[in-house]
2 protein chains.
Amino acid sequence: MPKGNCRGNGWWHGKLRGCGYRLTMGREAILDVLSKAEGHLSAEDIYMKVHPGYPHIGLTSIYRTLDVLSGLGMVYKLDFGDGRARYEFAEGPKGAHHHHHLVCTGCNKVVDYTDFIDEEVELLRETEKGLSKKYGFKIANHIIQFYGLCEACAKKK
Amino acid sequence: MPKGNCRGNGWWHGKLRGCGYRLTMGREAILDVLSKAEGHLSAEDIYMKVHPGYPHIGLTSIYRTLDVLSGLGMVYKLDFGDGRARYEFAEGPKGAHHHHHLVCTGCNKVVDYTDFIDEEVELLRETEKGLSKKYGFKIANHIIQFYGLCEACAKKK
DNA sequence: TTGTTAATGAAAATCATTTTCAATTTAAGG
DNA sequence: CCTTAAATTGAAAATGATTTTCATTAACAA
C-alpha cells in the first residue's frame with residue numbers, strides 16, 4: 001500500500017479514538033462518503049451512497065454515526081426547512097472551505113456561496129467575541145442563511 | 001369602542017384579505033397571541049395559549065395558519081435543532097426589532113441578541129445585494145445563529 | 001339572506017428520527 | 001492468536017411533529 005495513502009485514512013481514526021469512540025467499518029464507510037461528497041446529504045442520501053460498498057449497514061447506524069460526528073464537530077448538521085436534516089463534512093485535511101447558504105423557498109434549491117466571506121468572517125469574529133463576553137457563551141459555531149426565490153421560481157410566481 | 005383601538009386589530013385584516021385569505025376567529029386568536037408573546041413559540045405553545053380564549057380551535061389549524069402567516073412573511077419559522085419548529089411574529093405595528101439568536105447546544109436555551117446589529121445589517125445589505133445579482137436570487141430574508149454552550153452547560157462539561 | 005368557497009376539527013396517515021434489545025464486533029490484555 | 005468486556009450494530013417497533021383527508025362549518029360577496 002503506497003505510503004501516500006496512509007494519511008488519507010488516518011486522521012479521523014485519531015480523532016474518534018481520542019474521544020473514546022471506536023473506528024468501525026460502518027463509521028469509516030460513512031466518513032469516506034462524507035469526505036468525498038460535495039454538498040449537503042440527507043441521512044438517506046448517505047445510506048444510499050454507503051450501501052453499495054457496505055450493504056450490511058442500516059439507516060439507524062447512519063443516524064447514530066452522524067450524531068457522533070456532529071457532536072465532535074467533524075460534520076455540520078443543517079436545516080433548510082424541508083423537514084429533513086442535511087449533513088456536510090466540516091473540513092478536509094486540506095482545511096476548511098468556509099461557506100454559507102442561499103436557500104430557495106420555492107424549490108428548495110441550495111446554493112453554497114463563499115462571496116463576501118472575508119468581510120463576514122471579520123465581522124462575525126468580532127460579534128462572536130462580544131456575544132461570548134456579554135452572554136457568557138462559549139461559541140463553537142455559526143450559520144448564516146439567506147432565503148429567497150431563485151430565478152426560475154421568481155418567474156413562476 | 002375607543003377609536004384608539006381600531007388600528008390595533010386592523011392592520012393584519014388588510015394584509016390577509018389583500019392576499020385572498022379570510023380573517024377567521026381562529027386566525028385572529030393566533031395573531032393575537034403571536035403579536036403579544038415575547039420569544040419563540042412552538043405550534044403547541046401557541047395552541048396552549050390560544051385554547052383558553054378559544055377552546056374550539058384544533059392543533060391542525062394552528063399549523064395551517066402558521067403556514068399561511070409565514071408564507072406572507074408575517075411570521076418567521078425558526079429551527080433551533082431540537083426537532084420542533086418555533087415561530088415568532090415578524091414585526092409589530094410599531095416596526096421590526098431585528099435580532100438574531102444564540103443557541104445553547106447543551107440545554108437548548110435561546111438568547112435573542114441585538115448587539116452589533118447595525119454593523120451586521122450594513123454588511124448583510126451589501127452581501128445580499130451581491131448575492132442577488134450573482135445568483136439571480138430574490139432574497140427576502142436571512143438568519144444568523146450562533147451555537148455554543150451557555151455558562152451553566154460549559155461548567156457541567 | 002343566500003350561495004360559493006375557503007377554512008375548520010377530528011382522526012388517520014406520514015415520515016424522519018429514536019429507542020429497544022439481542023447479536024456482533026472492536027480493541028485491550030493475556 | 002485467543003479471550004473478554006464494553007461499545008456498536010441491525011431490525012423492528014416506537015415516537016412525535018407535522019400533514020392529509022374528508023365531511024362540516026363559517027366568511028363574505030352579492
Side-chain angles (χ1 to χ4, degrees), chain A residues 9-10 12-31 40-48 50-72 75-87 105 108, chain B residues 9-10 12-31 33 40-48 50-72 74-87 105 108:
Chain A
N9 306 3
W12 48 47
H13 187 184
K15 179 102 187 181
L16 280 172
R17 301 300 325 287
C19 298
Y21 295 102
R22 294 177 177 174
L23 184 65
T24 65
M25 295 184 65
R27 284 176 181 168
E28 194 140 30
I30 292 170
L31 278 162
H40 332 94
L41 303 172
S42 66
E44 191 141 6
D45 292 337
I46 296 170
Y47 177 72
M48 300 299 223
V50 169
H51 206 258
Y54 188 61
H56 191 40
I57 205 159
L59 228 200
T60 312
S61 291
I62 307 275
Y63 278 108
R64 275 189 289 227
T65 297
L66 254 11
D67 243 31
V68 168
L69 296 178
S70 74
L72 293 176
V75 157
Y76 296 133
K77 183 179 183 180
L78 306 169
D79 169 83
F80 298 136
D82 67 343
R84 70 179 52 189
R86 305 308 165 95
Y87 301 86
T105 52
N108 275 316
Chain B
N9 306 5
W12 48 46
H13 187 184
K15 180 99 186 182
L16 281 172
R17 302 299 329 284
C19 296
Y21 295 102
R22 294 175 180 175
L23 185 64
T24 64
M25 295 182 67
R27 284 176 181 168
E28 193 140 27
I30 292 170
L31 278 162
V33 162
H40 331 95
L41 303 172
S42 67
E44 192 142 6
D45 291 338
I46 296 169
Y47 178 71
M48 300 299 223
V50 168
H51 206 259
Y54 188 61
H56 190 43
I57 206 160
L59 229 200
T60 312
S61 291
I62 306 275
Y63 277 108
R64 275 189 288 227
T65 297
L66 254 11
D67 243 31
V68 168
L69 296 179
S70 74
L72 292 177
M74 296 171 72
V75 157
Y76 295 133
K77 183 178 183 181
L78 305 170
D79 168 83
F80 298 136
D82 68 343
R84 71 179 52 189
R86 306 307 165 97
Y87 300 85
T105 52
N108 275 317

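It should be emphasised that the depicted structure is a prediction, and the values quoted were computed from it without experimental measurement. To find a chain, count down the sequence lines: A is the first, B the second, and so on, and within it residues start at 1.
Taking every side-chain heavy atom of A/Thr60 into account, C/dT19 is the closest of C/dT19, C/dT8, C/dT17.
Partners of A/Thr105 under the side-chain hydrogen bond (donor to acceptor under 3.5 Å, both in side chains) rule, at least two apart in sequence or in another chain, do not exist in this structure. Contacts of B/Tyr76 classified as ring-ring contact (aromatic ring centres under 6.0 Å, His included), with partners at least two apart in sequence or in another chain: none. The ring-ring contact (aromatic ring centres under 6.0 Å, His included) check on B/His56 picks up nothing, with sequence neighbours excluded. Every residue two or more places apart in sequence or in another chain that forms a salt bridge (charged side-chain N to carboxylate O under 4.0 Å, His left out) with A/Asp82 is listed here: A/Arg86. Residues passing the side-chain hydrogen bond (donor to acceptor under 3.5 Å, both in side chains) test with B/Asp79, sequence neighbours excluded: none.
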Would you list the protein and nucleotides 13-16 of chain C atom pairs, both N or O, that sit under 3.5 Å from each other?
residue : atom : partner : partner atom : Å
C/dA16  : OP1  : A/Arg84 : NH2          : 2.3

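B/Tyr54 places its OH atom 8 Å from the C1' atom of C/dT8, with the value rounded to the nearest Å. In this structure, the CG atom of B/Asp45 is 16 Å from the P atom of D/dG16, given to the nearest Å. Between the CD1 atom of A/Ile57 and the C1' atom of D/dA11 there is a distance of 14 Å, rounded to whole Å. For the pair A/Ile62 CD1 and C/dT18 P, the computed distance is 13 Å after rounding to whole Å. Spacing between atom NE2 of B/His51 and atom P of C/dT8 amounts to 15 Å, rounded to whole angstrom units. As a whole-Å value, the separation of A/Leu59 CG from C/dT19 P is 15 Å. Distance CG (B/Leu66) to P (D/dT18): 9 Å, rounded to an integer number of Å. The separation between B/Leu16 atom CG and C/dA6 atom P is 15 Å, rounded to whole Å.
At a threshold of 4.5 Å between non-hydrogen side-chain atoms, the residues B/Lys15 and B/Tyr21 do not count as touching.
Within the nucleic acid shown, B/Arg64 comes within 4.0 Å of at least one base atom, counting heavy atoms only.
In this structure, B/Gly20 and B/Tyr47 both approach DNA chain C, and ranking their closest nucleotides by distance from the 5' end singles out B/Gly20.
With hydrogens and angles ignored, the 3.5 Å screen pairs a side-chain donor or acceptor of A/Arg27 with a backbone N or O of A/Arg22.
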Output a table of donor-acceptor pairs, distance under 3.5 Å, between side-chain atoms of residues 62-72 of chain A and any protein atom two or more places apart or on a different chain; print 'none' if there are none.
residue : atom : partner : partner atom : Å
A/Thr65 : OG1  : A/Ser61 : O            : 2.9
A/Ser70 : OG   : A/Leu66 : O            : 3.3
A/Ser70 : OG   : A/Asp67 : O            : 3.4

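With A/Ile30 as reference, A/Ile57 is the one residue of A/Val75, A/Ile57, A/Thr24 to meet the side chain to side chain contact (heavy atoms under 4.5 Å, CB included) rule.
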Heavy-atom protein contacts under 4.0 Å, nucleotides 25-30 of chain D, coded B base, S sugar-phosphate only, - none: --BSS-
